[in-house]
Structures are given as C-alpha cells and as structure tokens.
2 protein chains.
Amino acid sequence: MSKDLPAANKSRRRSDQITLSQVAQAAGVSPITASRALNHPDKVSDSTRQSVLESVERLGYVPNLVAGSLASSRSRLIAVIVPSLINSVFVEVIKGLQETLEAQGYQILLGNTDYDLDREYQLVRTFLGWSCSALVTAGLRHNDACHTLLANCGHPIMEVMELGNGIDLNVGLDHVAAGRCMASHLVDRGYQRMVYVGARLSHDYRAGMRYEGHKAVLKAKGLEAPLLELDTLGSLQAGAESLAQVLQDYPATQAIHFANDDLAAGALLAAQRQGLTVPGDIAIAGFNGLPLGQHITPKLTTILSPREDMGRLAAQELIRRLSGKSVYRRQHDVSFTLQVGEST
Amino acid sequence: MSKDLPAANKSRRRSDQITLSQVAQAAGVSPITASRALNHPDKVSDSTRQSVLESVERLGYVPNLVAGSLASSRSRLIAVIVPSLINSVFVEVIKGLQETLEAQGYQILLGNTDYDLDREYQLVRTFLGWSCSALVTAGLRHNDACHTLLANCGHPIMEVMELGNGIDLNVGLDHVAAGRCMASHLVDRGYQRMVYVGARLSHDYRAGMRYEGHKAVLKAKGLEAPLLELDTLGSLQAGAESLAQVLQDYPATQAIHFANDDLAAGALLAAQRQGLTVPGDIAIAGFNGLPLGQHITPKLTTILSPREDMGRLAAQELIRRLSGKSVYRRQHDVSFTLQVGEST
DNA sequence: AGAAGTAATGGTAGCGCTATCATGACAGCG
DNA sequence: CGCTGTCATGATAGCGCTACCATTACTTCT
C-alpha cells in the first residue's frame with residue numbers, strides 16, 4: 001500500500017538488472033559475503049558458496065563490473081594500442097595477446113592510432129580513465145606527453161614489436177639487426193647493386209630501422225644503398241608499382257630488399273607477369289615471413305618474425321607482473337630467422 | 001602535526017589521481033559544474049568552462065570513466081565479438097567499425113570466441129557487466145542462453161556478416177545468394193563437374209550457406225554437387241592440399257568452387273607449381289575478393305564482399321540508434337559483386 | 001505587474017560494488 | 001584459564017562521478 005512513497009523513491013536505477021544484494025538476500029547472506037563467494041571463493045564456507053552460486057544461477061545475475069572496478073580500482077581490462085589494423089602484423093600480435101589474456105579473464109580494450117602519436121596520447125588518456133590493469137603499446141616511440149603519462153601512471157606498461165630502452169616491460173626484436181641480416185645475405189649471394197624499398201618510413205619507422213641496418217652493411221662493403229620510399233601503405237599493389245619505379249630509377253639493380261612481404265610478393269608477382277625471371281633478372285627479398293611468400297614461385301626469401309609468439313610472451317609477462325610475481329626479465333628479445341627462399 | 005588523524009583517515013583511495021572535485025575546487029566551482037563543463041559544455045557559461053578546462057590542463061586531470069559510467073550507466077564502450085582474428089575478413093569488419101566508432105568517442109571492447117558459442121555467451125555476460133552501450137556480434141547464430149541474454153539486455157544489438165532475422169539491427173549479405181551467384185557463373189561458363197571445397201563448415205557456417213546456394217543451382221541443372229570439407233582452417237596451405245585431394249577423389253572435375261580466396265589462391269598457386277593450367281585443366285573460383293586474387297596469374301574469379309563498408313555501416317547505424325535518432329532501417333543488405341577473373 | 005519561462009549553478013544522494021575493520025565462535029597453548 | 005590465532009561472517013563507509021531537484025537571477029509574455 002505504502003510502496004512508492006515519494007520520500008523513499010530516491011532510487012536512480014535505470015536498469016532493472018539483478019544486483020548482488022538481491023542475490024545475497026536470496027541466498028540468505030550479506031552482500032559482502034556474496035561478493036566474497038564470487039571473487040574469493042576460498043574465503044567462504046562451502047555451503048555458503050553453493051547457495052550463493054545457486055542464487056546467481058537462478059536469478060540470472062550478471063555482475064556489474066563497472067561498480068566492482070570502481071570499488072576495487074582493478075578492472076581486468078588491458079588496453080592494446082596499435083598503429084594499424086590493415087597491417088596483419090599487428091593483428092597477429094593482438095591474436096597472441098588476446099588468446100593468453102582472455103584465458104586469464106582479462107579483456108582487451110583495443111585502440112588504433114593510425115600512426116598518429118597525438119591520437120595515441122588521447123587513447124592512453126582514455127584507457128587510463130578505465131583504470132586498465134595494464135597498457136600494451138606497439139612500439140617504443142611516443143610523444144612527450146604520452147611518455148610522461150605512461151611512465152607515471154603506475155600501471156604496468158608493455159611495449160612490443162621492437163627491442164630497446166622501454167618505459168617498463170619490453171618484448172620485441174632488433175629491427176636494425178634484421179636489416180643487417182638480410183643485407184648480408186644479399187651481399188653473400190653476390191649482389192652489388194640493390195635498392196631498399198619501404199612504404200611511409202616515418203610511420204613504419206621499424207622498416208626505417210631495418211633500412212639503417214641494410215645501409216650499414218652495404219656501406220661497410222663500399223656499396224651504395226639507395227632508398228625508394230613509397231607514399232602509400234605497403235600492399236601487393238604498391239609492391240607491383242614500386243618494381244617498375246625501381247627498374248626505371250635504377251636500371252642496373254640486381255636485387256630489391258623490400259620492407260615487408262606484401263611489397264615483396266607484389267613485386268614478385270608483377271615481375272612474373274612482365275616475364276622477368278626472379279632471381280635471374282632481379283632478386284627479391286622481404287620481411288615478416290607471411291605464408292604467401294612460401295606459396296608463390298619462386299619462394300620468397302624473407303625474415304620470419306614470431307608475431308603471435310611476441311603477443312603471447314608479452315601477455316605472459318604482463319600476467320606474471322600483475323599477479324605480483326617478480327618479473328623474469330623486463331626485456332625479451334624474440335629474435336628472428338632468415339628464411340632463404342628461391343627469390344634471391 | 002595532526003595530519004593522518006586516525007578518525008579522519010577513512011579514505012580508501014589507492015591511486016593519488018586528480019579527481020574532478022579537485023579540478024572544481026581549483027576552478028572555484030562545484031564538482032557538478034565541473035562535470036557539466038566537461039560533459040555538457042553548452043550548459044555552463046563560457047567563463048566557467050574556460051576556467052574548468054584550464055584547471056583540467058594545469059592539474060593533468062584524467063577523468064575516471066569507471067566512476068562516470070557507474071553514475072550514469074552509460075559507458076561509451078562497444079563490445080565487438082568475432083569468432084576469429086586469423087580470418088582477415090573479421091579484422092576488416094572490425095577496422096570499419098573502429099574507424100567510425102572511435103571518431104565518435106566510443107571504444108571497442110574486443111572479444112574472440114574461437115567459433116565457440118559457449119565462449120560467446122561468456123563474453124556477452126562479461127561485456128554486459130561493463131554496461132556496454134551496444135554489442136556487435138559476427139553472425140546471427142547464438143546458443144539459447146546467449147540469444148535470450150542479448151534479446152533482453154536492453155542494449156542495441158548489431159549482428160553483422162550475414163543477412164537474416166536478427167535480434168535487433170542487422171547488416172550483412174546473403175550468403176546463399178552469393179553461392180548461387182558463383183555457381184551460376186560456373187554453369188554459364190559450361191562447367192558440368194565441379195566440387196565445392198570448404199573448411200570446417202560447422203564453424204564457418206556462412207561458407208556452408210554458400211554451399212547451399214551452390215548446390216541448389218547445380219541440382220536445378222541436374223548436376224551433382226559434391227562437397228569436400230577440410231578439417232583445417234582455411235589457408236593457402238589447406239587450399240594447396242585440397243587441390244590434390246579433389247583431383248584424387250573426383251578425377252574428372254572441371255572446376256572447383258572454394259569457400260574463400262585463401263583456399264582458392266592456395267590451390268591456384270599449387271596448380272601452377274604442378275604445371276596444371278588454370279582454367280584449362282581446372283577452373284578455380286573463390287570468395288571474398290582479397291587483393292591477392294588480383295595479383296596472381298591468372299586473376300582469380302571471386303565474389304567481392306564489402307567488409308570494411310559493412311563495419312562502417314554497422315557503426316553508423318549503431319551511432320544513429322544510440323543518439324536517439326530513429327533508425328533508418330533495421331536491416332541492411334550490403335550486397336556483393338561477382339568479380340570475373342581469368343581463373344574460370 | 002504578476003505569471004511563467006530560461007539559464008547558470010549548487011546540494012544531496014545515490015550508482016553497485018568491495019576494502020576495512022569489527023565481531024563472534026572455536027581451536028591450540030603453556 | 002586466560003591468551004592469542006584462525007575462520008566465517010557482517011556493518012560501515014566509501015570508490016569518483018552524475019541524476020535529480022532546488023535555488024537564484026534574469027527575461028519574456030499577456
């Protein structure tokens with residue numbers, strides 16, 4: 001009769017979701033005990049836990065993680081910030097991260113910077129607002145504000161992809177060394193005149209680091225190391241077009257060292273269409289070790305980077321850190337493998 | 001001297017983050033006015049807004065979105081649940097979603113079911129716990145519990161990829177029609193004996209729907225429609241292997257209709273290696289319209305599906321819905337295009 | 001002139017959960 | 001027998017923010 005008393009009707013609940021208090025009431029315990037039954041099962045008696053779980057099931061209770069996070073300031077969210085989703089490399093890292101993190105009950109908050117460091121800063125701010133348990137960024141380069149924020153936010157930071165002097169944790173590989181590795185291979189094969197082809201090296205600065213390695217090797221041998229930088233994203237199409245460009249700008253070229261397999265495969269397939277033999281007329285090398293390279297003829301010489309493993313390892317180290325265990329190593333070199341095909 | 005009074009020290013704050021109250025105090029306004037200055041800028045005077053923003057900047061305030069979401073029960077998080085990240089198709093849809101949603105200030109919570117409907121249910125539960133503004137799922141198939149939860153949770157639901165009788169909003173294409181389209185093309189080309197090759201059709205049931213379309217066309221012409229179902233994920237490698245299998249099991253086959261371009265391209269490249277001419281010895285057709293298909297020789301006949309557009313359109317419709325505008329259409333057919341190459 | 005609206009601001013009281021401390025019951029100890 | 005320790009549970013009081021209602025100072029309208 002006296003329900004909905006105006007004075008008592010101060011509730012602001014907008015959803016009529018079941019709350020933990022209702023579950024607790026149904027189970028005949030206090031809300032805090034119900035909370036413990038769900039989050040610290042070993043801290044309540046077996047019988048209590050049973051009856052709480054039974055009530056959860058019966059009422060269809062869905063925990064409000066927002067409220068839980070606010071109260072505990074722990075969210076089990078992990079922010080993952082990548083510069084691109086078009087480039088399958090980042091997707092494979094995400095895959096490795098996700099597989100491992102989801103298994104441990106973490107969720108991924110995904111951010112895409114489109115290679116814009118200011119955008120990255122904004123994303124970091126937003127994600128910090130969600131009290132993420134940790135942040136993962138692709139790469140070691142940030143703008144100053146972002147770097148400061150990351151360094152001082154108090155959450156674990158994992159920087160993946162490249163190896164170097166990171167803010168906190170770091171899993172990656174040495175891109176300069178990878179560039180050196182491939183250049184050495186090409187020199188060993190006897191090529192003297194070669195061009196490095198990359199796409200937007202200011203964005204894909206890791207490809208730029210590989211060029212540095214490439215250049216160092218060639219200079220040491222007294223060879224020129226011309227660079228062709230494309231203004232498009234790396235793609236099969238861009239690779240095909242760059243082949244023509246290289247043959248025009250550097251007609252005597254014997255080998256092309258591409259910044260990635262998409263470009264390399266595009267060029268290789270284009271060479272085939274034009275009746276050029278690879279590596280007879282022109283040798284072609286890539287980077288990444290995409291499956292495609294091993295299915296085209298001739299098989300592509302490339303450098304295999306363990307992308308999913310990188311994600312998995314990063315996730316494992318983060319989990320170790322989050323569970324309070326001492327970190328095995330702050331830095332992990334996942335290394336790379338030269339995969340000699342038939343295209344060089 | 002008298003700081004840290006035991007009686008006053010009830011605070012449970014673990015982080016020493018700046019709060020909105022501190023910003024408000026610094027700006028000489030009440031917390032609620034500061035809140036409005038940030039979230040409803042048009043509801044405060046220009047001078048107030050200026051001084052609040054100035055304090056935000058000076059103190060380095062990062063809004064606690066968890067607290068905001070709890071208070072307002074709006075999170076600006078959008079859950080995106082896909083069955084796989086290996087399959088680039090889903091990544092492209094995510095890309096389209098993200099591009100559009102991030103621009104509107106929404107963040108993506110990413111979930112991967114690995115084609116497991118129970119896992120999907122768990123993810124939906126978790127994401128509902130985050131009071132997501134909306135949920136996007138790839139596909140119309142869910143288990144009963146999941147379907148009930150989605151239908152009753154009160155949030156907008158967007159089901160993408162395929163067209164059909166959805167829970168709420170739906171953007172996709174008709175996969176049965178796509179299968180019919182390609183089969184008709186092959187029949188028109190004069191092929192009589194053809195095999196449909198798919199990978200794990202119980203998982204990739206949309207490929208199964210395309211097979212249904214394929215079969216219907218062939219049956220209508222009085223032709224057999226044998227199916228080869230692989231037990232691996234679709235990949236170049238699987239495509240290459242399936243070619244041998246088809247030639248062994250169905251030696252008289254004239255054409256192979258593959259469930260996707262990865263398989264088709266793998267088979268096409270394998271055929272080349274084996275000295276088979278395409279389409280002379282064997283015709284090959286795919287689905288998706290991946291760039292790779294247009295770079296191999298002969299160019300692959302395939303069906304182009306607008307994956308990024310699908311994501312963008314889905315995001316736009318969701319935003320329209322979330323901003324309270326009436327929805328233009330609950331269902332959108334993004335359609336597909338037959339792309340005739342040289343492989344058929 | 002008085003009613004009625006609008007714009008800018010603030011006080012209060014939650015959102016649903018969990019950290020913290022307190023309580024009572026019972027075991028083990030010299 | 002009192003003392004300390006562990007276990008299971010509960011009462012209280014926030015976490016940081018915003019919805020809701022109230023207040024004040026002005027406009028505008030009939």
Side-chain angles (χ1 to χ4, degrees), chain A residues 5-25 27-52 56 59 61-76 126 128-131, chain B residues 4 6-25 27-52 56 59 61-76 126 128-131:
Chain A
L5 275 176
N9 192 14
K10 287 279 188 176
S11 170
R12 280 167 43 212
R13 302 192 64 221
R14 270 164 299 287
S15 73
D16 45 6
Q17 293 268 101
I18 305 294
T19 69
L20 187 57
S21 295
Q22 295 172 40
V23 171
Q25 198 166 19
V29 296
S30 72
I32 186 66
T33 300
S35 167
R36 272 192 284 253
L38 295 176
N39 299 315
H40 308 280
D42 52 320
K43 298 213 167 185
V44 297
S45 69
D46 287 359
S47 62
T48 317
R49 181 162 6 95
Q50 289 305 325
S51 80
V52 170
V56 164
L59 299 178
Y61 170 66
V62 176
N64 184 325
L65 301 175
V66 179
S69 297
L70 179 59
S72 68
S73 61
R74 276 181 283 99
S75 73
R76 296 191 84 79
T126 305
L128 286 177
W130 280 108
S131 339
Chain B
D4 281 325
N9 193 14
K10 287 278 189 183
S11 170
R12 282 166 42 213
R13 301 192 64 220
R14 271 163 301 284
S15 72
D16 44 5
Q17 294 268 100
I18 305 294
T19 69
L20 186 57
S21 294
Q22 295 173 41
V23 171
Q25 198 166 18
V29 297
S30 73
I32 184 66
T33 300
S35 167
R36 274 192 283 252
L38 295 177
N39 299 315
H40 307 281
D42 51 320
K43 298 213 166 184
V44 296
S45 69
D46 286 359
S47 62
T48 314
R49 180 159 9 92
Q50 288 305 325
S51 79
V52 169
V56 164
L59 299 177
Y61 169 67
V62 177
N64 185 325
L65 301 174
V66 179
S69 297
L70 179 59
S72 67
S73 62
R74 276 181 283 97
S75 72
R76 297 192 82 80
T126 305
L128 286 178
W130 280 108
S131 339

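Just so it is clear, the structure is predicted and the values come from calculations on it, not from any experiment. Letters A, B, ... are given to chains in the order of the sequence lines, protein chains preceding strands, and every chain is numbered from 1.
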Checklist outcome for this item: Residue pair S47(B)/V62(A) against DNA chain C: nearer the 5' end by closest nucleotide is S47(B)
Checklist outcome for this item: N64(A) atom CG is separated from dG16(C) atom C1', nearest whole Å, by 6 Å
Checklist entry - Does atom CZ of R74(B) have more than 12 heavy-atom neighbours from other groups under 6.0 Å away? => result no
Next on the checklist: Side chain of L20(A) only, heavy atoms from C-beta on: which candidate in dT18(C), dC17(D), dT9(D) is closest?
Outcome noted: dT18(C)
Checklist outcome for this item: When rounded to whole Å, the CG to P distance for the pair L128(A) and dG16(D) reads 15 Å
Checklist entry - Does a side-chain N or O from R13(A) land closer than 4.0 Å to OP1 or OP2 of dG16(C), or not? => result yes
Item to check | Check: N64(B) and T19(B) side chains under 4.5 Å, non-hydrogen atoms | outcome: no
Next on the checklist: In this structure, how many angstroms lie between the P atom of dG10(D) and the NZ atom of K43(A), rounded?
Outcome noted: 16 Å
Hey, can you pull the donor-acceptor pairs under 3.5 Å for the side chains in residues 33-44 of chain B, sequence neighbours left out?
{"unit_1": "T33(B)", "atom_1": "OG1", "unit_2": "S30(B)", "atom_2": "OG", "d": "3.1"}
{"unit_1": "N39(B)", "atom_1": "ND2", "unit_2": "S35(B)", "atom_2": "O", "d": "3.3"}

Next on the checklist: When you compare the side chain of S69(B) with that of W130(A), does any pair of heavy atoms fall below 4.5 Å?
Outcome noted: yes
Checklist entry - Whole Å only: how far is the CD1 atom of I18(B) from the C1' atom of dG16(D)? => result 13 Å
Checklist entry - Between dG10(C), dG14(C), dC17(C), which one does the side chain of V29(B) approach most closely? => result dG10(C)
Checklist entry - Please give, in whole Å, the distance from dC15(D) P to Q22(B) CD? => result 11 Å
Checklist entry - Could you give the CD-to-C1' distance, from Q17(B) to dC17(D), as a whole number of Å? => result 14 Å
Checklist entry - Contact class for R74(B) vs. all strands (heavy atom < 4.0 Å): base, sugar-phosphate, or nothing? => result sugar-phosphate
Checklist entry - Between T48(B) and dT9(C), does any side-chain N or O lie under 4.0 Å from OP1 or OP2? => result yes
Checklist entry - Considering heavy-atom distances to DNA chain D, does G28(A) or L70(A) have its closest nucleotide positioned more toward the 5' end? => result G28(A)
Next on the checklist: If you assign each of A71(B) and D46(B) to its closest nucleotide in DNA chain C, which residue comes earlier from the 5' end?
Outcome noted: D46(B)
Checklist entry - Looking only at side-chain N and O atoms, does Y61(A) come under 4.0 Å of OP1 or OP2 in dC17(C)? => result yes
Next on the checklist: Using the side-chain heavy atoms of S72(B), tell me which of these nucleotides is nearest: dC17(D), dG16(D), dA19(D).
Outcome noted: dA19(D)
Checklist entry - Which of residues 31-40 of chain B have a heavy atom under 4.0 Å from DNA chain C? => result I32(B), T33(B), R36(B)
Item to check | Distance in angstrom units between R76(A) CZ and dC17(C) P, rounded | outcome: 17 Å
Checklist entry - Any sub-3.5 Å donor-acceptor pair from S73(B)'s side-chain atoms to L70(B)'s backbone N or O? => result no
Item to check | Between CG on residue L65(B) and CZ on residue R76(B), distance to nearest 0.5 Å | outcome: 10.5 Å
Checklist entry - Which part of the nucleic acid, if any, lies within reach of T19(A) when heavy atoms closer than 4.0 Å are counted: base, sugar-phosphate only, or nothing? => result sugar-phosphate
Item to check | Any donor-acceptor pair under 3.5 Å from S131(B) side chain to S75(B) backbone | outcome: no
Checklist outcome for this item: Per atom distances to the S45(A) side chain, the nearest of dA8(D), dT18(D), dT18(C) is dA8(D)
Item to check | Pairing residues for Q50(B) by the side chain to side chain contact (heavy atoms under 4.5 Å, CB included) criterion, not counting sequence neighbours | outcome: none
Checklist outcome for this item: D42(B) atom CG is separated from dA8(C) atom P, nearest whole Å, by 9 Å
Next on the checklist: Checking contacts here: which listed nucleotide (dT9(C), dA11(D), dT18(D)) is nearest the side-chain heavy atoms of S30(A)?
Outcome noted: dA11(D)
